[in-house]
Amino acid sequence: MTPRILRSFQAAARQCFSTGRTYSLPFTSHHGKRFASSTTRSRPSIAYTVYLGVMGGAGAFAFQHFSGDWSRKKQTQENDAIEYASRAQMLNAAMEISQTLNREDSISYDEDVIEHHGHSEWSTAKTNERPVAVVYPRTTEEVSLIAQICSAHNVPMVPFGAGSSVEGNFLAPYSGICIDFSFMDKIIAFHPEDMDVVVQPGVNWVDLNEQIKHAGLFAPLDPSPTAQIGGMVSTNCSGTNAMRYGTMKDWVVNLTVVLADGSVIKTRRRPRKTSAGYNLTSLFVGAEGTLGMVTEVTLKLAPIPEDTSVAVVSFKDIREAAAAASKIIRSGTQLAALELMDDLQMQVINRHGSAAVRKRKWDESPTLFMKFSGTTAAIQSDISRVQQLIKPHNPGNFHFAKTKQDEQDLWAARKEALFTMVSIRKEGTVLWSTDVAVPLSRLADIIDISKKECSTLGIFASVVGHVGDGNFHVAMFYDPNDAEQKASVSKVVHDMMDRALEMEGTVSGEHAIGLGKKDCLVSELGLETIDVMRKLKRSVDPKWLLNPGKVFDLPSS
Ligand SMILES: Cc1cc2nc3c(=O)[nH]c(=O)nc-3n(C[C@H](O)[C@H](O)[C@H](O)COP(=O)(O)OP(=O)(O)OC[C@H]3O[C@@H](n4cnc5c(N)ncnc54)[C@H](O)[C@@H]3O)c2cc1C
Ligand SMILES: *[C@@H]1O[C@H](CO)[C@@H](O)[C@H](O)[C@H]1NC(C)=O
Ligand SMILES: *[C@@H]1O[C@H](CO)[C@@H](O)[C@H](O)[C@H]1NC(C)=O
Ligand SMILES: *[C@@H]1O[C@H](CO)[C@@H](O)[C@H](O)[C@H]1NC(C)=O
């Protein structure tokens, strides 16, 4: 990450203060310029498109003549092996798509674009395969046409939002065609009186909140500032606000989904409540694009709180910090967010944070960041209550924001931490980031043990957490070419998963399963449960074309 890009990320992190008040993403100017992709992503070049227009015709011809009529092939049965198209057939399908959509910017074969869609700096899980092309639909109908063509050619389809997921969720281990939703970025209908909004999947959550704030409403999920609603639905994301507002699944009212064969379904109607039939909405939330492609989302919205404030307090060790956090939660104090950063994170912030963050000299010890929201009076009383509650844990200085500027600066330290850490990593090292969640009573134990284990590795290994809901992350930078180091990092991660499961926790608090955590999911749920998931998948995606190899393995392997 170049310093310039880091600064713009820090700026974005500052802006998306997540109360719904001050959203704007300076680098989100227009399509293709959104930051996460700005280094590699570009619109398909005109020259290329002309080439495709020509080749598209040839491709369609080749398809009709040589690849047989796949659509009439017998439907795959329960135990039939799964077979995907060859690379040449995939390219034919891509050409047929570009010809069918018949727009200049509907497809890209650009090497950098493909690399950006088939690789992630944020994810340890990697694959050597890449999609053969990236397509950019604009409407549900176009997504349906793409699915029909891919289905006819047996081509895997991999949906892609902003590419900020961290478990290899959008990689293409079986190649295929990547479907990038970032051109589907329209707010379709805003119903402030009903407190909901209908959006296309490519809408960025920070932009959305900026556009609806005049009505006093916001969508309270806050993962990566680059993330888009479709990706957020598909990972059942959360963020710092989850402590107060829950996770994505609580905010999705209904969805329009394109299935593998191109059929389009609506999961239900718009009222907030229903008991009419199976809840198909929840089937697609957190499905990581393995069951269908989300092309429209109706989201519930929350009122922007009257006032907010932030307080920050450090502790002498991580166990005290985690214990204080559990105590605050159990007291029932209504915090909007409760976040933990360890000593290493605080060092990073002191040395490399943005100018606004470095104005303050932070204690380089484990620190809790708290966000309060509600009426001004209630916030005052919550802050004093928290100060009393944490006293037995020997807190350091308790800082709370005196001005709105202060508030933003304090919270920015938390929001910047991850980007800053990634940007200053040692040459040749890569990130291994993982998250688990445990019941609250075990939080201090697991954080303490995990931190100790990490410190034996002799590498940069840091703990940061949404401790407000028992969820924490470990970020480690290791040398992927050092086999021994890689093995010991992997062991620490797996031990942490096992420990979380022993404590009746989960192997993924919010980053979903992707490629990276498939084995852990088997340990968490057992093969019988996974088999039910596979049967479900088979029933809506008989040829196993949607994001194959994610969440669980293909049936034949
Ligand atoms: C700095 C940073 C901080 C983060 N903080 C948090 C956090 O606090 N909380 C949290 O939960 N996550 C966090 N994340 C992870 C990430 O932001 C979330 O997982 C987010 O929901 C992913 O959104 P995206 O648009 O980037 O999706 P992508 O990464 O593009 O895709 C995610 C998955 O959804 C599928 N998908 C995408 N669009 C569609 C669609 N339209 N239909 C069907 N499937 C689709 C993809 O195939 C993939 O499986 C963070 C990541 C980073 C880099
Ligand atoms: C939800 O249902 C309503 C009413 O049928 C419909 O107008 C809206 O488009 C649906 N939303 C989605 C995302 O399908
Ligand atoms: C159905 O699932 C959605 C998404 O998980 C959720 O928001 C909604 O409350 C559920 N509805 C019912 C009736 O369970
Ligand atoms: C989404 O997250 C919530 C809270 O962690 C969890 O209760 C729910 O089961 C998850 N849903 C899916 C579909 O992953």
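There is a side-chain donor-acceptor pair under 3.5 Å between T308 and E407. R414 and T240 are not linked by any side-chain donor-acceptor pair at a separation below 3.5 angstrom, with hydrogens and angles left out of the test. A donor-acceptor contact closer than 3.5 angstrom is absent between the side chains of S508 and E167. Looking only at atom types and distance, the side chain of D435 has a donor-acceptor partner in the side chain of N471 under 3.5 Å away.
Side-chain atoms of M232 and W205, non-hydrogen and from C-beta on, do get closer than 4.5 Å to each other. In this structure, D382 and M370 have side chains that are not in contact, with every pair of non-hydrogen atoms separated by 4.5 Å or more. Side-chain contact between F369 and K415 is absent, with no heavy-atom pair separated by less than 4.5 Å. Side-chain atoms of R425 and V422, non-hydrogen and from C-beta on, do get closer than 4.5 Å to each other. For the pair T434 and K517, the minimum side-chain heavy-atom distance is below 4.5 Å. A 4.5 Å side-chain heavy-atom check between K126 and H119 finds at least one atom pair inside the cut-off. Using a 4.5 Å heavy-atom threshold, the side chains of H473 and H466 count as touching. Counting heavy atoms from C-beta outward, H494 and C520 have side chains that approach closer than 4.5 Å.
A donor-acceptor pair is defined here as one N or O able to donate and one able to accept, closer than 3.5 Å; such a pair exists between the side chain of K518 and the backbone of G549. N241 places a side-chain N or O within donor-acceptor distance of the main-chain N or O of P220, the cut-off being under 3.5 Å. Under a 3.5 Å cut-off, the side chain of S238 and the backbone N or O of T247 do not form any donor-acceptor pair. The closest donor-acceptor contact from the side chain of N236 to the backbone of V285 lies at 3.5 Å or more, if one exists at all. Checking side-chain atoms of Q485 against main-chain N and O of D479 turns up a donor-acceptor pair under 3.5 Å. Side-chain atoms of N394 do not come within 3.5 Å of backbone N or O of F315 as any donor-acceptor pair. Under a 3.5 Å cut-off, the side chain of T367 and the backbone N or O of S365 do form a donor-acceptor pair. Judged by distance alone, the side chain of D342 and the main-chain N or O of I318 form no donor-acceptor pair under 3.5 Å. Within the 3.5 Å criterion, the main-chain N or O of K426 finds a donor-acceptor partner in the side chain of T429. Put simply, the side chain of W251 gets close to the backbone of Y245: a donor and an acceptor are under 3.5 Å apart.
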CA sep, side-chain torsions, deciding dist, call: V436, M497, side chain to side chain contact (heavy atoms under 4.5 Å, CB included)
CA-CA 7 Å; V436 298; M497 300 294 139; 3.6 Å; yes
Stepwise, does the salt bridge (charged side-chain N to carboxylate O under 4.0 Å, His left out) test hold for K486 with D482?
CA-CA 6 Å; K486 192 171 173 181; D482 180 339; over 6 Å; no
Apply the test salt bridge (charged side-chain N to carboxylate O under 4.0 Å, His left out) to residues E364 and R351: give CA-CA distance (whole Å), side-chain angles for both, the deciding distance (0.1 Å), then the verdict.
CA-CA 11 Å; E364 293 184 356; R351 291 174 204 173; 3.8 Å; yes
Evaluate side chain to side chain contact (heavy atoms under 4.5 Å, CB included) for L457 paired with V489, printing each intermediate quantity in order.
CA-CA 7 Å; L457 290 171; V489 171; 4.2 Å; yes
Stepwise, does the side chain to side chain contact (heavy atoms under 4.5 Å, CB included) test hold for V492 with C454?
CA-CA 7 Å; V492 164; C454 290; 4.2 Å; yes
Test salt bridge (charged side-chain N to carboxylate O under 4.0 Å, His left out) on D317 and K451 and set out the steps.
CA-CA 10 Å; D317 60 40; K451 177 80 184 161; over 6 Å; no
Are E306 and I379 close enough, and set up right, to give a side chain to side chain contact (heavy atoms under 4.5 Å, CB included), and what steps lead you there?
CA-CA 10 Å; E306 180 187 302; I379 291 175; over 6 Å; no
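The minimum heavy-atom distance between P303 and F218, with the atom names listed, is O-CE2, 3.5 Å. Here the shortest heavy-atom pairing between V313 and F398 reads CB-CD1, 3.8 Å. Minimum heavy-atom separation, G230 to S234: O-OG, 2.8 Å. When all heavy atoms of I447 and A322 are compared, the pair lying nearest together is CD1-CB, 4.4 Å. Considering all non-hydrogen atoms of both residues, L344 and A461 come closest at CD1-O, 3.1 Å. Of all heavy-atom pairs spanning F170 and P159, the tightest one is CB-O, 3.9 Å.
Here K404 pairs with D307 in a salt bridge; the nearest charged N to carboxylate O distance falls below 4.0 Å. Look at E502 and R499 and you find no salt bridge, because none of the NZ, NE, NH1 or NH2 atoms lies under 4.0 Å from a carboxylate O. For D409 and K359, the salt-bridge test passes: some basic side-chain N is under 4.0 Å from an acidic carboxylate O.
Separating the CD atom in E129 from the CG atom in L171 is a distance of 11.5 Å, to the nearest 0.5 Å. In this structure, M476 CE and M421 CE are separated by 10.5 Å, a value rounded to the nearest 0.5 Å. To the nearest 0.5 Å, atom CD1 of residue I304 and atom NE2 of residue H214 are 10.0 Å apart. Summarising the geometry, atom SG belonging to C237 is positioned 4.5 Å from atom CG belonging to L221; distances are rounded to the nearest 0.5 Å. Between atom OG of residue S450 and atom CG of residue D495 there is a gap of 9.5 Å, rounded to the nearest 0.5 Å. The structure places CG of D180 at 3.5 Å from NE2 of H117, a figure rounded to the nearest 0.5 Å.
Under the 6.0 Å distance and 45° angle rule, K402 counts as a cation-pi partner of F400.
Evaluation of the ring pair (Phe, Tyr, Trp, His ring centres under 6.0 Å) rule for Y478 yields W432 as partners, not counting sequence neighbours.
Checking each of V312, V467, V386 against L368 for a side chain to side chain contact (heavy atoms under 4.5 Å, CB included) leaves exactly one that passes, namely V467.
For F477, the CZ atom counts as densely surrounded, since its 6.0 Å shell holds more than 12 non-hydrogen atoms of other residues, nucleotides or ligands.
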